[in-house]
Number of protein chains: 2
Amino acid sequence: MLEIRHLKSLKAIAETGKLGLAAERIFLTQSALSHQIRALEMHYEITLFKRGAHGLRFTPAGQRLLDLANELLPLIDKSERDLVRLKSKQSGELRIVLECHTCFDWLTPVMDVFRRAWPEVEIDLVAGFHSDPWHLLHEGKADLVIGGLPEKIGTLAHQPLFKFEIMAVIPPNHSKHKKARFVAEDFTNETLITYPVPEERIDIIRHVLKPANINFGRRTAELTIAIMQLVASRRGIAALPSWGIQNYVDHEYVIAKSIGKKGLWSELHATGSAETITLPYTIDLVNIIKNTCAAHLKGIKLLNSINI
Amino acid sequence: MLEIRHLKSLKAIAETGKLGLAAERIFLTQSALSHQIRALEMHYEITLFKRGAHGLRFTPAGQRLLDLANELLPLIDKSERDLVRLKSKQSGELRIVLECHTCFDWLTPVMDVFRRAWPEVEIDLVAGFHSDPWHLLHEGKADLVIGGLPEKIGTLAHQPLFKFEIMAVIPPNHSKHKKARFVAEDFTNETLITYPVPEERIDIIRHVLKPANINFGRRTAELTIAIMQLVASRRGIAALPSWGIQNYVDHEYVIAKSIGKKGLWSELHATGSAETITLPYTIDLVNIIKNTCAAHLKGIKLLNSINI
DNA sequence: CTTTGATATGAATTTAATTCAAATTTATCA
DNA sequence: TGATAAATTTGAATTAAATTCATATCAAAG
């Protein structure tokens, strides 16, 4: 009666703490997951979770099954990779370009995991800052861009990774620190501190401030910590992925606010040639990114893969 | 897409070598298993078996998934036992009586497996030969009888284990050694060598010879090897479970023939009080017996558990 | 007290698994 | 060499399970 999909469900619940978010992560409705967990508890005649408005907490029995999940799922992944190798010899290289500054934080562990899974594939990060990373794909200087989608997809292909919330970042004593959430108007006459990227590629500007005709200043910094320092010292405010600022928020160095009623969400994709995107180890890199980020970055929502 | 039931299917195929027998073992139709394997091969886009009238042989990819099955299934069993323990502390004793001589051969390894799985339960074999083992249950001198079913089940409960074929065992130079199979008439005026058990509890006599009004002699021996020696030296013939004589047959010490067109089949059950039969570790013993015997005894057919 | 957020539940719908019936293939036997 | 047996495959039909839908329930927050 226990199946691998149950193990995946338990892992998603562990990562999110909420039934609804876990369901989203594994592409079910909250109701389906509720039924699934209930059926599992009835089968084993034991309670797996303590439930409430706080979400779900594992009982010792639930934890035991989660331990099993954590033990089995990597073995399954590994054997599925071995099947891929049995089909045909895999070797090659993946030159990755990031179109997203804060992604550096999680990409290093992802590359470590990938190197262990595919020692016969050479994976590397293309150094430096690139104003138009997708052009490097055409020039043969990169194999994969991780970031948003290019304006013109052309002959390129892509796989969606996940979406994440962009939070307004303000100093703790900001005049609007008590607001539940920020709206476009709250940025009026503020200095927006961003990475040195064209405005049309900054989501807060492109999707919120420009459409609302907000007047604001601009200032740039290349490092996240520099942006945090400027915000904390009241030189301006910022808008960054929640995961990139979590440490600073936890230490009350800055405050984070959702933008708009539903939050401002942005999507990450892996873009490359159709040939590269359909390679088995590229597909696996996409899965490794999803799994690793799902486990470590709070609040992200995984996106379903596209059949190419 | 890979689920635990697939792993169980692969294990059953490994144990039987035939799709039909494997399907029987996991309580599916042969067609259902064929569909299942086909769907798995389409999902992974790789062939898992070499097929033919010879049955199925694992390809390297199939073997890889079988390796995964052999790795994961014990871990799953173990964690399910832990859930049982989390429900309530398990301890107790199981005093086993065998109503079947040749079962000794496989029961020792089964008890070893059980002791590792349930160190807190005392399991032991009740020594000696018993003319009416089920009476020991009433007398409180045993907890479980492994063998056939008692004539009167009364307040006892039981779980089916498996069924096995009883083969006619003859010396290699027997006048009828070329027959495809034996029938009741082939036993006429032969000396039937059996364990020292009442006739009404010897299946070949009860179900074949008696109903056909066959005249035959009787001779008893307590040990299987003694029976084999008597048969080999043409002192008579025997009728025993296929697994109990496999070694002697392989070494061409004796010959085995099916009895009747469809073979003579007998069932094994675990019988005890309703209370004992529903204890978690007794249920698990039943599963351990099934799994261990399925893996090691050729030709047996597992029986489905009863809901009590 | 209302609203929000989180889970549970029963019925309906959709999907997947399984069975049924027959076909196909290969090996064995007379 | 043809018939038979044994083993698997295949498509359609049936059954079972999974999932969604719509709503209810409960607890916490405002």
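As a basis for the values below, the full set of heavy atoms in this structure was taken, side chains included, without hydrogen atoms, waters or symmetry mates. The sequence lines fix the lettering, A, B, ..., with proteins before strands; numbering per chain opens at 1.
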Open item on the list: What is the distance, to the nearest angstrom, from the NZ atom on A/Lys18 to the C1' atom on D/dA28?
Closed with: 12 Å

Open item on the list: What I want to check is whether an N or O donor and acceptor connect the side chain of A/Ser31 with the base of C/dT9 at under 3.5 Å.
Closed with: yes

- [ ] Give the rounded distance in Å between these two atoms: CE of A/Met42 and C1' of D/dA17.
- [x] 15 Å

Open item on the list: Distance check needed: D/dA17 C1' versus B/Glu3 CD, whole Å only.
Closed with: 12 Å

Open item on the list: Using OP1 and OP2 only, check whether a side-chain N or O of A/Arg5 sits under 4.0 Å from D/dT19.
Closed with: yes

Task: Nucleotide of D/dT8, C/dT7, D/dA28 approaching B/Leu56 most closely (side-chain heavy atoms) - done: D/dT8

Task: Atom-to-atom span, NZ of B/Lys50 to C1' of D/dA7 - whole angstrom - done: 16 Å

Open item on the list: If I take atom CZ in residue B/Arg181 and atom P in nucleotide D/dA5, what distance separates them, rounded to the nearest angstrom?
Closed with: 10 Å

Open item on the list: For B/Glu41 and A/Thr29, find the nucleotide of DNA chain D closest to each by heavy atoms; which residue's nucleotide sits nearer the 5' end?
Closed with: B/Glu41

- [ ] May I ask you to decide if the ring planes of A/Phe182 and A/Phe187 are parallel, tilted or perpendicular, using 30° and 60° as cut-offs?
- [x] perpendicular

Open item on the list: With the stacking rule set at 5.5 Å and 30°, tell me whether A/His35 counts as stacking on C/dT9.
Closed with: yes

TODO: Please report, rounded to the nearest Å, how far the P atom of C/dT4 is from the NZ atom of A/Lys262.
DONE: 13 Å

Open item on the list: Around atom NZ of A/Lys87, are there more than 12 heavy atoms from other residues, nucleotides or ligands closer than 6.0 Å?
Closed with: yes

Task: Partner of A/His174 by side-chain contact (heavy atoms from CB on, under 4.5 Å), out of A/Arg234, A/Glu190, A/Lys179 - done: A/Glu190

Task: Option passing salt bridge (Lys or Arg N to Asp or Glu O under 4.0 Å) with A/Asp186 (candidates A/Lys257, A/Arg181, A/Lys176) - done: A/Lys176

Open item on the list: Quick check on C/dT18: is either OP1 or OP2 less than 4.0 Å from any side-chain nitrogen or oxygen of B/Gln36?
Closed with: yes

Open item on the list: Between C1' on C/dT15 and CZ on A/Phe27, what's the gap in Å once rounded to a whole number?
Closed with: 18 Å

Task: Sub-6.0 Å ring centroid separation between B/Trp243 and B/Phe164 - done: yes

Task: Any A/Arg57 side-chain N or O less than 4.0 Å from OP1/OP2 of C/dA6 - done: no

Open item on the list: Distance check needed: D/dT20 P versus A/Glu24 CD, whole Å only.
Closed with: 12 Å

Task: First encountered from the 5' end of DNA chain D, between A/Met1 and B/Leu19 - done: B/Leu19

